[in-house]
2 protein chains.
Amino acid sequence: MSKGVRTRAAILGEALSLMSTDGLSGLTIGLLAERTGLSKSGLFAHFGSKEQLQVAVLQEAQACFTAHVIRPVLGLPRGLPRLEAFAEGWWTWNRSPPFPGGCPIQAASLELDDRPGLLRDEIAGAQRRLRAFIRQGAAMAIAAGHFRPGLDCTLFAFQMVGIAFAQTMTCRLLGEPEGLDFVRRAWRLQVEGALGSAHNQTGEMNHVE
Amino acid sequence: MSKGVRTRAAILGEALSLMSTDGLSGLTIGLLAERTGLSKSGLFAHFGSKEQLQVAVLQEAQACFTAHVIRPVLGLPRGLPRLEAFAEGWWTWNRSPPFPGGCPIQAASLELDDRPGLLRDEIAGAQRRLRAFIRQGAAMAIAAGHFRPGLDCTLFAFQMVGIAFAQTMTCRLLGEPEGLDFVRRAWRLQVEGALGSAHNQTGEMNHVE
DNA sequence: AAAATAAACGAACGATCGTGCTATTGTCAA
DNA sequence: TTGACAATAGCACGATCGTTCGTTTATTTT
């Protein structure tokens with residue numbers, strides 16, 4: 001591993017932390033240089049432009065999410081077990097990711113949704129891949145007989161993404177400690193609504209907890 | 001209405017547009033002065049500091065949301081009718097608010113969730129009030145016999161907020177035209193899960209003041 | 001060890017940031 | 001119509017932004 005690659009990795013790590021608290025627009029070259037102990041121009045040379053730096057940081061964030069949340073559950077049995085583990089891992093990531101701030105991708109999703117360009121494409125791709133992962137997870141649960149056939153997996157992914165956003169708002173912005181409870185209960189309701197009829201016969205779905 | 005108040009209102013209107021596309025951090029005094037045809041210092045004098053300008057814009061955004069989404073449904077019968085109308089109004093607001101960009105409050109919620117201060121307090125207050133409104137709406141639906149007793153209204157609000165965020169991601173970031181369908185179906189599932197057991201899925205209900 | 005290449009620095013650039021001043025214009029009551 | 005005061009403009013400031021360029025220091029290869 002050459003020197004350049006090593007410093008670049010260190011820069012991206014620090015950039016992730018900075019971005020998680022201050023957002024993509026708060027990620028400034030001067031500040032980043034100061035935190036990494038490099039000169040502005042020395043750091044700049046690694047990326048060639050601000051936009052390329054931002055793209056690199058977004059990709060690093062995705063890689064980090066994959067390593068922390070996706071990869072650990074790939075060894076689990078397909079279907080509900082894997083989906084449940086992924087959910088729990090995701091809620092944990094959202095509440096306390098390996099950065100001082102919140103999930104950078106979630107924040108950037110709302111920051112960039114009206115500004116076409118490389119950055120938005122990068123974020124949109126990340127969100128599409130995430131939803132595809134959830135969709136396929138739900139599809140596997142159907143194939144395994146856990147979820148009922150006929151379940152709309154795209155809608156399932158849509159709902160799960162919603163829970164994740166609501167969690168960030170509740171746990172981070174409002175700082176409500178009981179936020180995680182709501183997340184788990186909302187997720188439980190969603191899973192119960194997707195279960196196969198064998199599991200579903202025990203009681204009315206409207207039944208309160 | 002004095003001159004100063006009028007210009008201030010014009011500034012805030014333009015600021016809302018700017019913020020909806022570029023975010024709170026993209027809302028810059030120089031740019032805002034240019035768009036309103038004022039000088040930087042002339043505009044600045046209206047607010048005294050950047051932070052106070054930002055606070056004013058956030059309050060303006062709340063007022064705009066109230067006028068467009070909340071107020072119109074207050075005349076409707078309490079309970080499910082009002083809640084349904086609010087939902088539809090909210091989805092419309094999210095998809096095409098009266099600004100060129102997306103909902104500024106939603107964006108600011110994720111932008112500020114890690115930076116304590118006046119701005120975060122303002123946004124957090126707005127989100128708390130919104131959730132309280134939903135919570136009370138659900139409570140009225142219980143009182144009117146539309147929703148089952150025992151429904152957790154706080155959880156209900158949590159879930160609804162999640163749908164709204166997921167909508168923004170789907171409709172704005174990903175630009176999927178069928179996004180609104182998912183929103184409506186997710187919302188329908190949530191409502192059906194909250195209906196009183198005496199009620200069927202025909203939507204028939206009692207009117208209660 | 002010397003030569004070749006990569007990495008980092010230092011200084012400067014034009015632009016823009018938020019924010020003070022002082023002057024000048026415009027508005028509104030007497 | 002005039003005098004008081006609110007509203008806006010003009011100018012300048014220090015700081016920081018992203019970026020370029022030439023130089024110097026490290027690293028790698030020969």
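Since the model is a prediction, treat every value here as computed from it, not as a measurement. Below, all heavy atoms of this structure are taken into account, side chains as well, without hydrogens, waters or symmetry copies.
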- Task: Carefully, step by step, assess B/R148 and B/I142 under the rule side-chain contact (heavy atoms from CB on, under 4.5 Å).
- Result: CA-CA 6 Å; B/R148 63 167 196 277; B/I142 295 177; over 6 Å; no

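- For B/F47 and C/dG20, the CZ to P distance is 16 Å, given to the nearest whole Å.
- For the pair B/D22 CG and C/dT16 P, the computed distance is 15 Å after rounding to whole Å.
- One interatomic measurement links the two molecules: CG of A/L31 to C1' of C/dC17, which rounds to 15 Å at whole-angstrom precision.
- Going from atom CD of B/Q54 over to atom P of C/dC17 covers 13 Å, rounded to whole Å.
- The CD-P distance, from B/Q52 to C/dG20, rounds to 11 Å in whole Å.
- Side-chain polar atoms of B/Q106 and B/T168 form a donor-acceptor pair below 3.5 angstrom.
- No more than 12 heavy atoms of other residues, nucleotides or ligands sit less than 6.0 Å from atom CZ of A/R78.
- Using a 4.0 Å heavy-atom criterion, one finds that B/L38 contacts the sugar-phosphate atoms exclusively.
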Report, one pair per line, the protein and nucleotides 19-23 of chain D atoms (nitrogen or oxygen only) whose separation is under 3.5 Å.
{"unit_1": "D/dT19", "atom_1": "OP2", "unit_2": "A/K50", "atom_2": "N", "d": "2.7"}

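- In summary, the side chains of B/W187 and B/E88 do not present any donor paired with an acceptor at a separation below 3.5 Å, with no hydrogens or angles considered.
- Summarising the geometry, atom OG1 belonging to B/T28 is positioned 9.5 Å from atom CG belonging to B/L53; distances are rounded to the nearest 0.5 Å.
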Should A/L12 and A/Q59 be marked as a side-chain contact (heavy atoms from CB on, under 4.5 Å) after you check the CA-CA gap, both sets of side-chain angles, and the distance that decides it? CA-CA 10 Å; A/L12 288 180; A/Q59 289 170 345; over 6 Å; no

Do any N or O atoms of the protein come closer than 3.5 Å to N or O atoms of nucleotides 1-7 of chain C, and which pairs are they?
{"unit_1": "C/dA7", "atom_1": "OP1", "unit_2": "A/G4", "atom_2": "N", "d": "3.4"}

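- Aromatic rings from B/W90 and B/F165 are positioned such that their centres are separated by 6.0 Å or more.
- Across all strands shown, B/A45 has heavy atoms under 4.0 Å from base atoms, whether or not it also approaches the sugar-phosphate.
- D/dC17 atom C1' lies 14 Å from atom CG of A/L43, rounded to whole Å.
- Taking for each of B/R6 and B/T28 the nucleotide of DNA chain C with the nearest heavy atom, the 5'-most of the two is the partner of B/T28.
- Counted by atom type alone, A/Q62 and A/E122 present one or more donor-acceptor pairs between their side chains at under 3.5 Å.
- In summary, the side chains of B/Q167 and B/R172 do not present any donor paired with an acceptor at a separation below 3.5 Å, with no hydrogens or angles considered.
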